[in-house]
S.K.: 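The structure under discussion is supplied below as structure tokens; questions concerning it will follow.
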Amino acid sequence: MRDVAVVGIGLNDFGELWEKSLRTIWAESAVAALSDAGVDSVDLITVGCMSPGLFVGQEHLASLLADELGMAGVPAARVESACASGGLALRTGFAEVASGLCDTVLVTGVEKMTDVDGADATFALGTAADQEWEGFHGITFPGLYAMLAQIHMQRYGTTSEQLAAVAVKNHANGLLNPHAQYHLKVSVEDVLASTMVADPLHLLDCSPVTDGAAAMVLTTVERAKELDGDRPLITITGSGLATDTITLANRADLSELGAVRVAAERALKMANKKPEDLHVVEVHDCFTIAEIMATEAIGLFEPGEGAPAVENGLTSLDGKIPVNPSGGLKSKGHPVGATGVAQAIEIVSQLRGNAGQRQVEGARVGLAQNMGGSGGSSIVHIMEVE
Amino acid sequence: MDSPARFWREFPQRYRLEASKCTECAKVLYPPRVVCPKCGASTFENLVLPREGTVVTYTVVRVPPAGFTEQTPLPIALVELMDGVRVMVQIGDLADPSELEIGMRVRLEFRRISWDGEAGVIYYGHKAVSA
């Protein structure tokens, strides 16, 4: 396999972007990434998008977007793994460059979620669960994670206050991220006083509905050195993908996220790294319980230790291992198809050393973990700076 | 929501709780599958699931998806009916959702689950009630 470098990133504001369409927010991020890379043509465009059909009534998305960028004729492919679609778009681009099929790939993720109302958005997101045997009974995504939270609370004594501590930390980080959807300081009391969505998860335990897009340019290390010899060389050294049962009914152990554990093991093995080698981590905190379970599954903490770790500040910006310096899905926003790419962009910014006020000093090895559904799929990438 | 055909073909499982038991390794599958995920065999015999079980985990959905807005708050649980066989079902007849707890004994009853308006399909299946 060839070594793969990240040479361009493009990320604009996340939020309720009513004045812009899916194709517009996508093209703005793609142009920004190509400009950052200093590249004007690519061999492939990958598009991570969960459900343009349900959110904006549009399929055949990759061709539409290639044309939007004036690149009709260039190979383009939409990939989908629910909320891990962005991570899958990155892995697909990585594999194409590593294998030699392509030299330069534009990796993108996008979701336009506010063209439908709340009930329809909840339904669209719910299609990432088993529609015939879970969705049929009215369960929602907050509901599925609430069920995982109940098990975690019963087995490990995890508390609602500890879940709230995740939201407090991520909103504090989001205050330092100009692209975040919410610039909002919240307290544990605010989280516990917010509306109950699915017991025990409150509104402020949940990530929001968001419009957003993100894009990266990948190429070979040789070409990266030709493009800009002065910039730190960022390489993707590990990529792991794993699946698990989608239905919670068939999952052997509901106290852990098995797909995350396996995807992280695969990525760390490829990169020849251990969890303790990581300096900065972005995890898929679609709900506060998800961040706690993800940090345990990656191996940052023992099972049951993820919740006390947040409460004790170990994952804060100045903690032992900063988790979600971007503000996470919780504060930055969660345009589902864009999320996996945006997480990787945060790691690239941290490794370049230009993450501004939220910079993790001395970050040289970072990990981004993206997840589909209630853990039915997960994709993990490791990135390093030379 | 579902087309009538999509719902109709699931009657054996939804109405009668029919599962399939692998003739090679005895694993019970609900709903039935083409291949046994445990041993890879593909011959099964019919088995009707027991109606009593235990709550493994639960939640109360207070922000419902489209189609369930008239039924909130919506208590839903994962119920273990026999070793290794769990179903996701609504919990009916609860005066107060806070009565729900892990380990609670429940019994499945045939109930209306949701409906597509006055002229649409009415979806039936099982809900659990306190045993």
Side-chain angles (χ1 to χ4, degrees), chain A residues 54 116-155 194-203 205-206 209 243-255 287 289 374, chain B residues 1-2 6-7 9-10 13-14 19 27-33 37-38 53 55-81 84-92 97-98 100-103 111 113-114 123-128:
Chain A
L54 290 175
V116 294
D117 68 19
D120 284 346
T122 301
F123 172 77
L125 291 168
T127 63
D130 185 325
Q131 277 302 288
E132 293 184 349
W133 303 101
E134 290 183 328
F136 177 82
H137 298 280
I139 195 70
T140 58
F141 257 94
L144 292 167
Y145 275 97
M147 287 184 169
L148 296 176
Q150 298 281 17
I151 296 260
H152 209 269
M153 290 170 134
Q154 195 208 34
R155 182 164 306 181
S194 63
T195 307
M196 192 67 89
V197 172
D199 310 31
L201 300 179
H202 296 81
L203 183 65
D205 284 300
C206 308
V209 162
T243 59
D244 197 353
T245 68
I246 283 189
T247 48
L248 295 190
N250 292 333
R251 201 168 292 176
D253 185 353
L254 292 168
S255 71
F287 300 95
I289 183 64
S374 49
Chain B
M1 295 220 28
D2 298 346
R6 183 177 180 181
F7 184 58
R9 65 177 174 250
E10 293 161 354
Q13 291 81 54
R14 294 213 195 280
K27 182 168 177 63
V28 177
L29 304 177
Y30 180 84
R33 300 188 190 198
K38 187 177 173 193
V55 170
V56 174
T57 186
Y58 67 92
T59 187
V60 182
V61 172
R62 294 172 193 275
V63 180
F68 291 88
T69 47
E70 293 171 40
Q71 298 191 64
T72 47
L74 194 64
I76 305 187
L78 204 54
V79 173
E80 183 153 296
L81 297 175
V85 181
R86 295 170 173 181
V87 293
M88 188 166 288
V89 284
Q90 292 180 22
I91 307 291
S98 67
L100 253 176
E101 58 183 11
I102 292 175
R111 296 284 178 94
I113 306 297
S114 64
Y123 301 98
Y124 290 97
H126 286 80
K127 289 190 185 186

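Below, read A as the first sequence line, B as the second, and so on, with proteins coming before strands; counting in each chain starts at 1.
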S.K.: Does some side-chain heavy atom of B:Thr57 sit less than 4.5 Å from a side-chain heavy atom of A:Leu148?
M.R.: no
S.K.: Please flag which part of A:Glu134 lies under 4.5 Å from any non-hydrogen atom of chain B: side chain, backbone, both or neither.
M.R.: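 Its backbone and side chain both get close to chain B.
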S.K.: Any side-chain heavy-atom pair from A:Glu132 and B:Gln13 closer than 4.5 angstrom?
M.R.: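 They are not in contact (no side-chain heavy atoms under 4.5 Å apart), so the answer is no.
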S.K.: Find the one option among A:Ala121, A:Ala149, A:Gly143 whose heavy-atom pairs under 4.5 Å with chain B are most numerous.
M.R.: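 The candidate making the most pairs under 4.5 Å is A:Gly143.
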S.K.: Is any side-chain heavy atom of B:Val56 closer than 4.5 Å to a side-chain heavy atom of A:Met147?
M.R.: no
S.K.: Show your reasoning for whether side-chain contact (heavy atoms from CB on, under 4.5 Å) applies to A:Ile139 and B:Thr59.
M.R.: CA-CA 9 Å; A:Ile139 195 70; B:Thr59 187; 3.9 Å; yes
S.K.: Between A:Pro142, A:Pro200, A:Gly138, A:Ala124, who has the most heavy-atom pairs with chain B when the cutoff is under 4.5 Å?
M.R.: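 If we count pairs closer than 4.5 Å to chain B, A:Gly138 comes out on top.
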S.K.: How many angstroms lie between CG in B:Leu74 and OG1 in A:Thr140, if you round to the nearest 0.5 Å?
M.R.: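 Here the rounded value is 8.5 Å.
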S.K.: Most heavy-atom pairs under 4.5 angstrom with chain A, which of B:Val79, B:Val61, B:Thr72?
M.R.: B:Val61
S.K.: Can you find a heavy atom in the side chain of B:Leu78 that is under 4.5 Å from one in the side chain of A:Leu254?
M.R.: yes
S.K.: Could you look at A:Leu125 and say if it's the side chain, the backbone, both or neither that has a heavy atom under 4.5 Å from chain B?
M.R.: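 Contact with chain B is absent: no heavy atom of A:Leu125 under 4.5 Å.
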S.K.: Decide yes or no for B:His126 and A:His137: does some side-chain heavy atom of the first lie under 4.5 Å from some side-chain heavy atom of the second?
M.R.: no
S.K.: A:Phe136 vs B:Gln90, test: side-chain contact (heavy atoms from CB on, under 4.5 Å). Steps then yes/no.
M.R.: CA-CA 10 Å; A:Phe136 177 82; B:Gln90 292 180 22; over 6 Å; no
S.K.: Please state whether the side chain, the backbone, both or neither of A:Asn250 comes within less than 4.5 Å of a heavy atom of chain B.
M.R.: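 Contact with chain B is through the side chain of A:Asn250 alone.
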S.K.: Hey, does B:Arg86 have a side-chain heavy atom less than 4.5 Å from the side chain of A:Leu248?
M.R.: no
